[in-house]
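Reading through the structure tokens given below for one structure.
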Amino acid sequence: MAGRASGHGRRELARDHDIRRLRDLLRAAVLGDAYPDGQLPSEASLMAAHGVTRATVREALALLRRDGLIERVQGVGTQALFTSVTTQLAEAHGAVRPSRGSIFSNGLRPRVLDRSVVPAPTLVAHRLDIRAGEPCLRLEYVSLLGEEPHALATNYVLFPEAERLTGTPFTSHWYALLDEAGVVLGESEFVIDGALADPITSRTLGVADGTPLISMEQAIYDPAGRAFNVAFIQIRADRFRFVSRARSADLPGLPLA
């Protein structure tokens, strides 16, 4: 009995991982625009292509549907609901000019929530190497693609850069604003982790309370290495993907994995 139960448990675990792997493959295909017309393959095609059962296909598709990536319509099939926007991480840093397919070249616009001079909070002051309470510009906005929000950003900017940003219309994306204001970026640093959407953020970004978000803290430095901007950014993980590519360097003294 124990042996049969153990074997059954192993089969169930293997099936669970089949579902997970198929979900991962289909999710990457949907988000990577592998189905330009939005139509996913039939259940029978997926079964044959991946060597899995119909039940496995249906459960993998159910996970994607739960995440809002697909919809299943009787007599029509499975449709992708959207194509996410992908951008190079270097473009997100503001380190290179946006490519044609970048999110920064596709009609971003801000909905400004706050643009006021405030005393620098203690953490911001520490990051910017100033005294707490020194004046800085707080520029907070929701980034929109079309009519859909995809990110919420709160920036704290030191003077004199803050003065230039205050007098410049904010009509596109953050780096366009810096450029139009004549603010020169020398270096940009991200700390990236994850967070769950709180009730206020969820309402602002149009997601359910508790939705996983990409959470970023950014520091921007001038060409002399002085930090002049700290930002706290929440990004919808279901609408935005980063691409990062690095070339291997032959570094002496580092063991090969």
Side-chain angles (χ1 to χ4, degrees), residues 2-89 92 101-103 106 145-152 192-199 201-216 233-246 257:
R4 286 198 297 272
S6 177
H8 175 74
R10 286 195 295 270
R11 287 193 297 274
E12 286 296 307
L13 183 61
R15 181 173 174 276
D16 287 346
H17 286 301
D18 281 343
I19 295 168
R20 173 186 58 80
R21 294 185 193 103
L22 182 56
R23 185 277 315 273
D24 290 347
L25 291 168
L26 294 176
R27 182 179 186 275
V30 168
L31 295 178
D33 201 21
Y35 312 116
D37 61 355
Q39 184 76 35
L40 272 68
S42 67
E43 289 183 1
S45 296
L46 292 173
M47 290 166 60
H50 298 280
V52 295
T53 66
R54 187 176 299 275
T56 295
V57 169
R58 288 181 173 176
E59 291 196 43
L61 292 174
L63 292 175
L64 296 180
R65 186 175 185 275
R66 184 199 65 182
D67 291 342
L69 297 179
I70 64 170
E71 188 55 82
R72 311 198 70 194
V73 180
Q74 186 70 31
V76 176
T78 305
Q79 291 280 329
L81 293 181
F82 71 97
T83 301
S84 69
V85 180
T86 301
T87 195
Q88 296 289 329
L89 192 55
S102 165
I103 191 171
N106 281 279
L145 186 59
E147 296 301 319
E148 186 175 56
H150 77 272
L152 170 63
I192 304 174
D193 57 22
L196 300 179
D198 58 74
T201 303
S202 63
R203 289 197 301 271
T204 304
L205 292 180
V207 298
D209 191 12
T211 296
L213 303 173
I214 301 170
S215 181
M216 308 173 74
I233 309 165
Q234 304 290 322
I235 301 173
R236 287 183 58 170
D238 64 337
R239 293 295 189 267
F240 197 96
R241 300 201 304 166
F242 292 113
V243 177
S244 180
R245 183 173 181 175

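Since we're looking at a predicted model, the values are computed, not measured.
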Does any non-hydrogen side-chain atom of Arg66 lie less than 4.5 Å from one of Leu63?
-> yes
Test side chain to side chain contact (heavy atoms under 4.5 Å, CB included) applied to Leu152 and Leu205, Ile235, Leu213, the passing residue | Leu205
May I ask you to say whether Arg20 pairs ionically with Asp16, meaning some side-chain N is under 4.0 Å from a carboxylate O?
-> no
Could you tell me whether Asp18 and Arg21 make a salt bridge, using a distance below 4.0 angstrom between a side-chain N and a carboxylate O?
-> yes
Is the backbone of Gln39 close enough, under 3.5 Å, to the side chain of Asp37 for a donor and an acceptor to pair up by distance?
-> yes
Any Leu31 side-chain heavy atom under 4.5 Å of Leu69 side chain | yes
Got Val52 and Val57 here, is their nearest side-chain heavy-atom distance under 4.5 Å?
-> yes
Short side-chain donor-acceptor distance under 3.5 Å, Thr201 and Gln234 = no
How close do Leu40 and Ala80 get, heavy atom to heavy atom, and via which atoms?
-> CD1-N, 3.8 Å
List the atom of Pro149, the atom of Gly206, and the distance in Å for their closest heavy-atom pair.
-> CG-N, 4.4 Å
Compare all side-chain heavy atoms of Leu26 with those of Leu46 and state whether any distance is below 4.5 angstrom.
-> yes
4.5 Å side-chain heavy-atom contact, Leu61 and Ile70 = yes
Between Arg72 and Glu43, is there a salt bridge with N-O shorter than 4.0 Å?
-> yes
Value rounded to 0.5 Å, distance of CD1 in Ile214 from CD1 in Ile192 = 7.5 Å
Mind checking the CZ-OG1 spacing from Arg241 to Thr87? Nearest 0.5 Å is all I need.
-> 11.5 Å
Just wondering, do Gln79 and Val73 contact through their side chains at under 4.5 Å, heavy atoms?
-> no
Spatial distance of atom OG1 (Thr56) from atom CZ (Arg23) [nearest 0.5 Å] = 13.5 Å
